[in-house]
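This report refers to the structure that appears directly beneath it.
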Number of protein chains: 2
Amino acid sequence: MSDKDNNNKKVTSVEVARLAGVSRSAVSRSFTPNASVSQETREKVMQAAQALGYRVNKLASSLINNRSDLVGIIASNMDNPFRSRQVEYLAKTLLANNLRPILLLVEGEEDPSRIIGMLLEYNVSGVIVTSDTPPQSICEECVTLGVPMVLVNKDQTDARVDRVLLDNPRSGRIAAETLFASGCRRLAVVTTLKPSYSLHVRVGAFTERCRSLGIETVARFSASEQSYDGGRYAADCLMAAPEQTDGVFCVSDYMAMGFLDQLRLKQQIAVPQRLKVISCDDIPQAGWPVYDLSSIRQDPEQLAEMVVKVLLERIHNPEIPAAVKVLDVSLTERNSTAN
Amino acid sequence: MSDKDNNNKKVTSVEVARLAGVSRSAVSRSFTPNASVSQETREKVMQAAQALGYRVNKLASSLINNRSDLVGIIASNMDNPFRSRQVEYLAKTLLANNLRPILLLVEGEEDPSRIIGMLLEYNVSGVIVTSDTPPQSICEECVTLGVPMVLVNKDQTDARVDRVLLDNPRSGRIAAETLFASGCRRLAVVTTLKPSYSLHVRVGAFTERCRSLGIETVARFSASEQSYDGGRYAADCLMAAPEQTDGVFCVSDYMAMGFLDQLRLKQQIAVPQRLKVISCDDIPQAGWPVYDLSSIRQDPEQLAEMVVKVLLERIHNPEIPAAVKVLDVSLTERNSTAN
DNA sequence: CTGTTAGCGCTTTCAC
DNA sequence: GTGAAAGCGCTAACAG
């Protein structure tokens, strides 16, 4: 007969109360931090709970205190390592803060009302959006319903929702300056046809900084999607292009990987001898010797910490004005921009 | 004044009932499939619900019918694309089946009781384990508590839990046969020091099939972990090894990527001219031209479908004996084993 | 500090 | 087909 030998079904607080010889309230209080219980009672309760294998039913308690501690993560494009790492660290950080991530993976043109429905049905304590397409309608509904919401690296006109941004303008500027410092004078940008907010800002800041440095971006190669294959496509464009370029800014490491691989495969243009390349994210792959890619680091761990911090603040204080946190970025210089 | 202009807090069924001029029971029944309601009533209710922006509170209803529709996914090693894709498809498939994935990412030696606690607190409808280390204690507790559980590609002595396996023995055999057919006679295995169940089985079947083909596996290179860097390490070992080998079986594409990259970087051994390479998973990266890696496909989408199917069956019929489903694998032959 | 009471939002008998 | 009433497991007031 082991301790947890209640071989059958759910144990409720009344059974714990009975075994401990106290009331159900005492049990509840014992599991509530800073509640008004004597040490003695709490110990009795905990002991009984242990023996019975009791666990508080958060679904029931959320009914009372309206805190489910469930947090929706809306994400997409998990094939991009940067995105999947982002989700990974978000999930881990939420867990570490006693919140439970519900992972909602969306794809292209998803029905937003379905997503909203899920969130609302489960009375989530908050929502984190990292997907490229956070339908405006979701934001609005969450705001009016008082569901805390944090947007990651998103533009947002609605001033009532919290946002955590990477310093995209700075990323663009660093890219320009680094290529310039490496001696590049005829630059190209590799991006997508319909860039997301952050990509758009990066490119804008890049071209602007180039201009102020007195150099021109002579070409732009836009793939239909932000992916490895998109990067390869851009490389093909570059090799076929009439303009001679000596430096390239890729909007993401993921694209840069495809870009570099395609260059290497065709062996027409050596990196970094004839062409320098820099990109954004600094995912682990950028550090792989085969790429050895200079990249502007966006630390997903730090990002996750900040997102959860902002979320928790809003949960505890729903009335404070929306925060916009901008996280610093930093250059990791590697061989792809070496002289 | 828009439809959903209840600019404030939660709408409950009583408000819908009032607006529709019916009882709360009628509202409940209207949202329950195959419930006994007149079409007329249901329409009235739905209309009122729409106007008020009402949504059923699953947390409350789960209290009654014990079906939270929450499903825990326990996963790890998200840096391996195969693992992150697995999680991706599982999450999507659950969603498509009206289940909500709670993502629990574990790391090395995590405290299992913490995980169990989370699952039980939320009264999950099921648990899916894909992590390499599914602590036995979690399984046991779930079984005794009647929480449906599906293990993905795991060994398991406890005959009471469902499992979905890839045909690992067949993977090993195909690898051996493919290398043999490509003319290899002196084979090596690239694996890890502490291989997971599936890796172990693959290697076992591989060496056995080699023997039956009349060739020997002359070397085994084991990295400390199953990762890109592990693959690189194995490549270094191979290049330093006294034995001449002409064919390599990597236990996963992820390792093979590091392995191939390292070979290419050192340029000592050309693939496939001097060395043929084959591995398992057939992640998209294997098809990238830079790798062009023959690989034994384990379709994560099909896997996810099967896992969810098994889970749903158990949820609906808790008493059926544990199922063990084995999914077929198939060879995708590419340049790395070409003659 | 403790037990009693009420009720969170929902579903489900059970009569009608 | 419908409403009244009971109760899922829990916590928050309120007395004591």
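A note on names: the letters A, B, ... follow the listed sequences, proteins ahead of strands, and every chain is numbered from 1. Just so it is clear, the model here is predicted, and its values are computed rather than measured. Side chains are part of it too, since the values below use all heavy atoms of this structure and drop only hydrogens, waters and symmetry mates.
Atom CG of A:N57 is separated from atom P of D:dC8 by 13 Å (rounded to the nearest Å). Rounded to an integer number of Å, the gap from NZ of A:K58 to C1' of C:dC8 is 15 Å. Going from atom CG of A:N34 over to atom P of D:dT11 covers 15 Å, rounded to whole Å. Spacing between atom CZ of B:F31 and atom P of D:dT2 amounts to 15 Å, rounded to whole angstrom units. Between B:N66 atom CG and D:dG7 atom C1' there is a gap of 13 Å when expressed in whole angstrom units.
Look at A:S28 and you won't find any side-chain N or O under 4.0 angstrom from OP1 or OP2 of D:dA12. Between A:S36 and the phosphate of C:dC1, there is a side-chain N or O to OP1/OP2 separation shorter than 4.0 Å. Regarding contacts with the backbone of C:dT4, every side-chain N or O of A:S23 stays at 4.0 angstrom or more from both OP1 and OP2. An OP1 or OP2 oxygen of C:dC8 is reached within less than 4.0 angstrom by no side-chain nitrogen or oxygen of B:T12.
Residue whose closest nucleotide on DNA chain D sits further toward the 5' end, between B:A26 and A:S61: B:A26. Residues A:V27 and B:I64 both approach DNA chain D. Their nearest nucleotides, taken by heavy-atom distance, put B:I64 toward the 5′ side.
Contact annotation for A:T41: backbone-only contact, meaning every heavy-atom pair under 4.0 Å involves sugar-phosphate atoms and none involves a base. Using a 4.0 Å heavy-atom criterion, one finds that A:V14 contacts no nucleic acid atom at all.
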Under 3.5 Å, which N/O atoms of the protein pair with N/O atoms of nucleotides 13-16 of chain C?
none

Report task. Go through A:N123 and A:L70 one step at a time and tell me if the side chain to side chain contact (heavy atoms under 4.5 Å, CB included) criterion holds. Result -> CA-CA 8 Å; A:N123 210 339; A:L70 257 17; over 6 Å; no
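The side-chain contact (heavy atoms from CB on, under 4.5 Å) check on A:E121 picks up B:R55, B:K58, B:R100, with sequence neighbours excluded.
Looking at B:V164 and B:L327, their side chains come closer than 4.5 Å, going by heavy atoms from C-beta outward.
Taking the charged nitrogens against the carboxylate oxygens, A:K44 and A:E40 have no contact shorter than 4.0 Å, which rules out a salt bridge.
Side-chain polar atoms of A:Q39 and A:E43 form a donor-acceptor pair below 3.5 angstrom.
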